[in-house]
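Here the structure is laid out as structure tokens; the discussion comes afterwards.
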Amino acid sequence: MTVVQDGPYRFRIEPSGAMRVPGVVFASRELLSTADNAIGQVANVAALPGIVDASYAMPDVHLGYGFAIGGVAATDPRDGGVVSPGGVGFDISCGVRLMAADIDAADLAPVLEDVMDGLDPAVPRGMGRGAVWRPSGREELTGILTGGSRYAVQRGHGDERDLLRCEDGGAVADADPGQVGERAVERGAGQVGSLGSGNHFLEVQRVAEVYDADVAAAFGLSGDQICVMIHCGSRGLGHQICTDHVRAMEARMPRYGIEVPDRQLACAPVDSPEGRAYLGAMAAAANYARANRQLLAQAARRVFRRAAGARLDLVYDVSHNLAKMEDHDVDGGRRRLCVHRKGATRALPPGHPDLPPDLREAGQPVLIPGTMGTASYVLAGVPDGRAFYSTCHGAGRTRSRHQAARGVDGRTLRARMEADGIAVRASSWRGLAEEAPDAYKDVSAVVEAGEGAGLCRKIARLEPVGVVKG
DNA sequence: ATGTAC
């Protein structure tokens, strides 16, 4: 495999073997060197039937299930294009929601501990347990799977204005709850409105630096302002859907004459019963994840109103694990493509018709959750964005959970963060240790590379004031 | 990421 640098922050993997298109990695040399075991996966994805243009990787690329986390690939259904659950990931529609408070850091300081003590019991989290909303029966769960944040708002959990600031208006079309298996439904029923574990979190943050005041203002952000960032996904429901549909596709691949370099890249034509079934179930999980973030946002709003007298307005809600049917210009023609983004964020450019009117001039907000205890970023899509208007999604691991937990004790880590002025409410010491910042890449380097590669631009940097950890 | 392995 030959990897050559062919631009600033841009490397090219020449097609070889089963590759139908080249690979393109947007990264600095340093970031690339921390992810060399994922480059083979970028090359493998280039072998998917119907892939268009290139197999792309974002600056935070790292090893994933079959398809690298940080990977972007678009396929053309009219050219035998496939959809691969591995190209979306187990945590379907995992994503980030950012809310801006009407108070600044100085206003929050005297009541920070009250806010954190309010959030602690109000944000269900950790493996398995707890949920904000227990659906009363199949009808309510179906509403969530079909309507996402929109259904949650209809049921009184939020306001109409929230939906304007959600990707897809808060609900993905074409969800098919009938393709969500019984086991996925059972797992999902008890977890509506819960954070989960791992790198999922709810953080109280401060706007530490603004790089573009006009665009920040359009997003509703200004210096020193307090924000709340929520990072979570579709919990056991999305996980079970991925498992079920990978299995179903694996069994059918020989019949479609599809061969892939890695079994974990199981896939089916977009226009096939298996492809449509997965996309319908995936959309249902995407709506579940959005309702999940909507409900946790409401929980945070109640606490902020009570403990700080503050209001939280939605900045944006965007997923970083999803496949979407989108129209793109390729080789001078307009084509409808199935765009897989796994650990990659859609970043629509200024003027894009899918943006709400009040964000159209600024471009789409892109929300980058940093590693626990470090910075997070707000970015914006740029004109002439690359990789089907995509950019990075976060820091990306460099050390395994096991290695991270061996390096530091959770209590020590908490004490270190509290000494740095960050309030911490953890759900387990082991879980906290697994998320030690030194087990991750430097999110600032990732963002610099994304900007340098022409994928996005920086709008603001946020720093944590309080961490509620899954 | 995940009732951290059917």
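Proteins come first, then strands; the chains are lettered A, B, ... in the order of their sequence lines, and each starts at number 1. The figures here come from the full heavy-atom set of this structure, side chains too, leaving out hydrogens, waters and symmetry mates.
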side-chain hydrogen bond (donor to acceptor under 3.5 Å, both in side chains) contacts touching residues 386-396 of chain A (sequence neighbours left out): A:D60-A:H393, A:R341-A:S390
So, using side chain to side chain contact (heavy atoms under 4.5 Å, CB included) as the criterion, who are the partners of A:V260 when residues are at least two apart? A:L48, A:M253, A:I258, A:L265, A:C267
Heavy-atom count around A:R20 CZ within 6.0 Å, excluding the residue itself: above 12? yes
Qualifying ring pair (Phe, Tyr, Trp, His ring centres under 6.0 Å) pairs with a residue from residues 430-470 of chain A, counting only residues at least two apart or across chains: none
Provide the full list of side-chain hydrogen bond (donor to acceptor under 3.5 Å, both in side chains) pairs with a residue in residues 37-50 of chain A, sequence neighbours left out, each pair given once. none
How long is the line joining NE2 of A:H200 and C1' of B:dT2, in whole Å? 10 Å
How many whole angstroms separate atom CZ of A:R247 from atom C1' of B:dA5? 12 Å
According to the salt bridge (charged side-chain N to carboxylate O under 4.0 Å, His left out) rule, which pairs have a member within residues 407-417 of chain A, sequence neighbours left out? A:R414-A:E418
Send over the distance from A:Y288 OH to B:dT2 P, rounded to a whole Å. 10 Å
Mind calculating the distance between CG (A:D91) and P (B:dT4) to the nearest angstrom? 15 Å
Atom pair distance, as rounded to whole Å: CZ in A:R401 and C1' in B:dT2: 10 Å
Rounding to an integer number of Å, can you tell me how far A:M127 CE sits from B:dT4 C1'? 6 Å
Whichever of A:E434 and A:F90 has the more 5' nearest nucleotide on DNA chain B, that residue is A:F90
Does anything in residues 230-246 of chain A reach DNA chain B, meaning a heavy atom under 4.0 Å, and if so which residues? A:R235, A:G236, A:H239
What is the nucleic acid contact for A:E186, judged by heavy atoms within less than 4.0 Å: base, sugar-phosphate only, or nothing? nothing
Identify whether any heavy atom of A:R183 sits under 4.0 Å from a base atom; if not, whether one sits that close to sugar-phosphate; answer base, sugar-phosphate or nothing. base
